[in-house]
Amino acid sequence: MTSDPAAITDPHAHHAPVPPHRSQGWDAAYAGTPAWDIGRPQSAFIAAAENGLLRGRSLDIGCGTGETTLLAAAHGADALGIDVSQRAIDLARAKAVDRGLSARFAVADIVNLDWTGPQFDVTVDSGTFHLFDGNERAAYVGNLRRANRAGGTLYLLCARASASRNWGPPGLSKDDLADAFSDGWAINDIQPSQYEVTDLAPVDSIDAWFASIMRL
């Protein structure tokens, strides 16, 4: 699978191609309706948009079929969504056309992102960061820091570690977030939240954190 620089934001923007093995697995997930694709943004991001937080140049990491990107665009953001799945991006682009919104979408991988375009004011992540650990987590944070301007904010919804949870993605602790964003970032706030899933999932929602993290 090749990159699509023209679909990003400007002729100077660049990102690395997504490795085929990474994209194909996620394409298969979007052949149906995955548990995380609830047909609307997560409630935490709806509240953030209503409070005027999703403005300016915005990046949605792991955007899936685009609901959070489109939410930001509907609230006036210059919004770009990226995902490793070509199928998800195709669905997101179709939604943007149907809704008359100017959001843009591109196939790209945050752990291999080589961003050379203008930096972002706001980044959102609705359930992607908790998928990474080790070197990939460090690459995520480093690439995101380069893509965001000083003073820009990451709004992050990720699964919360819980001894009672037996389904869903790996959960993180507050210490995990503090460790990951210890260099070049300031954590403004971390609050307990919920990550909503479809009716096909064996649970109604997953315990989560909603964090506001500023790039220094």
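Owing to the predicted nature of the structure, the values given are computational and were not obtained by experimental measurement.
- Around the CG atom of Asp183, the shell of radius 6.0 Å holds no more than 12 heavy atoms that belong to other residues, nucleotides or ligands.
- Between Tyr195 and Leu157, some side-chain heavy-atom pair lies under the 4.5 Å cut-off.
- A distance of 12.5 Å separates CZ of Arg104 from CG of Asp60, quoted to the nearest 0.5 Å.
- Exactly one residue among Arg149, Arg215, Arg57 makes a salt bridge (charged side-chain N to carboxylate O under 4.0 Å, His left out) with Asp121. That residue is Arg149.
- Contact check for Ser85 versus Asp90: no side-chain heavy atoms found under the 4.5 Å cut-off.
- In the hydrophobic cluster analysis, where Ile, Leu, Val, Met, Phe, Trp and Tyr join through side-chain heavy atoms closer than 4.5 angstrom, Ile89 is grouped together with Leu101.
- A donor-acceptor contact closer than 3.5 angstrom is absent between the side chains of Ser182 and Asp179.
- Between the side chains of Asp125 and Tyr140, at least one donor-acceptor pair of N or O atoms lies under 3.5 Å.
- Closest non-hydrogen pair, Gly62 versus Thr128, comes out as CA-OG1, 3.4 Å.
- At most 12 heavy atoms of other shown residues, nucleotides or ligands fall within 6.0 angstrom of atom CG in Asp199.
- For the pair Arg146 and Asp114, the salt-bridge criterion is not met [side-chain N within less than 4.0 Å of a carboxylate O].
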Criterion side chain to side chain contact (heavy atoms under 4.5 Å, CB included) on Arg145 and Trp185, from CA distance to verdict: CA-CA 8 Å; Arg145 189 173 190 277; Trp185 301 84; 3.7 Å; yes
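- With contacts defined as side-chain heavy-atom distances shorter than 4.5 Å, the pair Ser126/Trp36 does not qualify.
- What you find for Pro169 and Ala159 is that their closest heavy atoms are CG-CB, 3.8 Å.
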Begin with the C-alpha distance, continue with both residues' side-chain angles, and end with the deciding distance and a verdict on side chain to side chain contact (heavy atoms under 4.5 Å, CB included) for Gln119 and Asn148. CA-CA 5 Å; Gln119 292 178 307; Asn148 281 261; 5.7 Å; no
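- Nearest heavy-atom pair, Phe105 versus Gly66, reported as atom, atom and distance to 0.1 Å: CE2-CA, 3.7 Å.
- A pairwise comparison of heavy atoms in Ala29 and Pro34 identifies O-CD, 3.6 Å as the closest pair.
- A distance of 13.0 Å separates CZ of Phe45 from CZ of Arg40, quoted to the nearest 0.5 Å.
- Pairing each heavy atom of Leu53 with each of Val122, the nearest pair is O-CG2, 3.6 Å.
- Aromatic pair Phe120/Trp115: centroids less than 6.0 angstrom apart.
- No side-chain donor-acceptor contact under 3.5 Å links Thr68 and Gln42.
- To the nearest 0.5 Å, atoms OG (Ser205) and CD (Gln194) are separated by 3.5 Å.
- With a 4.5 Å cut-off on side-chain heavy atoms, Val124 and Leu54 count as touching.
- Both Ile190 and Phe129 are assigned to one and the same hydrophobic cluster, defined by single-linkage of ILVMFWY side chains at heavy-atom distances under 4.5 Å.
- Of the inter-residue distances, the one linking Leu71 atom CG with Glu50 atom CD reads 8.0 Å to the nearest 0.5 angstrom.
- Because its NZ or CZ atom is both nearer than 6.0 Å to the ring centre of Trp209 and within 45° of the ring axis, Arg160 counts as a cation-pi partner of that residue.
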Before giving the answer on side chain to side chain contact (heavy atoms under 4.5 Å, CB included), spell out for Leu144 and Ile61 the whole-Å C-alpha distance, their side-chain angles and the decisive distance to 0.1 Å. CA-CA 9 Å; Leu144 184 60; Ile61 297 171; 3.7 Å; yes
So Arg87 and Asp27, salt bridge (Lys or Arg N to Asp or Glu O under 4.0 Å) or not? Walk me through it. CA-CA 5 Å; Arg87 182 174 180 82; Asp27 281 346; over 6 Å; no
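- Remark: side-chain polar atoms of Asp189 are not paired, donor with acceptor, to backbone N or O of Ser212 under 3.5 angstrom.
- Aromatic ring orientation, Tyr155 versus Phe210: parallel (interplanar angle below 30°, classes split at 30° and 60°).
- When all heavy atoms of Ala92 and Gly64 are compared, the pair lying nearest together is CB-O, 4.0 Å.
- A heavy-atom distance below 4.5 Å is found between the side chains of Ile82 and Leu59.
- Counting heavy atoms from C-beta on, the side chains of Asn188 and Ile213 never come closer than 4.5 Å.
- Inter-residue side-chain proximity for Asp176 and Arg137 is flagged as met; some heavy-atom pair is nearer than 4.5 Å.
- Both Leu177 and Phe132 belong to a single network of hydrophobic side chains, linked directly or stepwise wherever heavy atoms of I, L, V, M, F, W or Y lie under 4.5 Å apart.
- Here Asn51 contributes atom CG and His75 contributes atom NE2; the two are 9.5 Å apart, rounded to the nearest 0.5 Å.
- Leu156 and Ile38 fall into different hydrophobic clusters, where Ile, Leu, Val, Met, Phe, Trp and Tyr side chains are chained together by heavy-atom contacts under 4.5 Å.
- Taken together through direct or relayed side-chain contacts under 4.5 Å among Ile, Leu, Val, Met, Phe, Trp and Tyr, Leu131 and Tyr30 form part of one hydrophobic cluster.
- Counting only heavy atoms from C-beta outward, the side chains of Asp204 and Val197 never approach each other to under 4.5 Å.
- Here the OG1-CG distance, from Thr198 to Asp37, works out to 8.5 Å after rounding to the nearest 0.5 Å.
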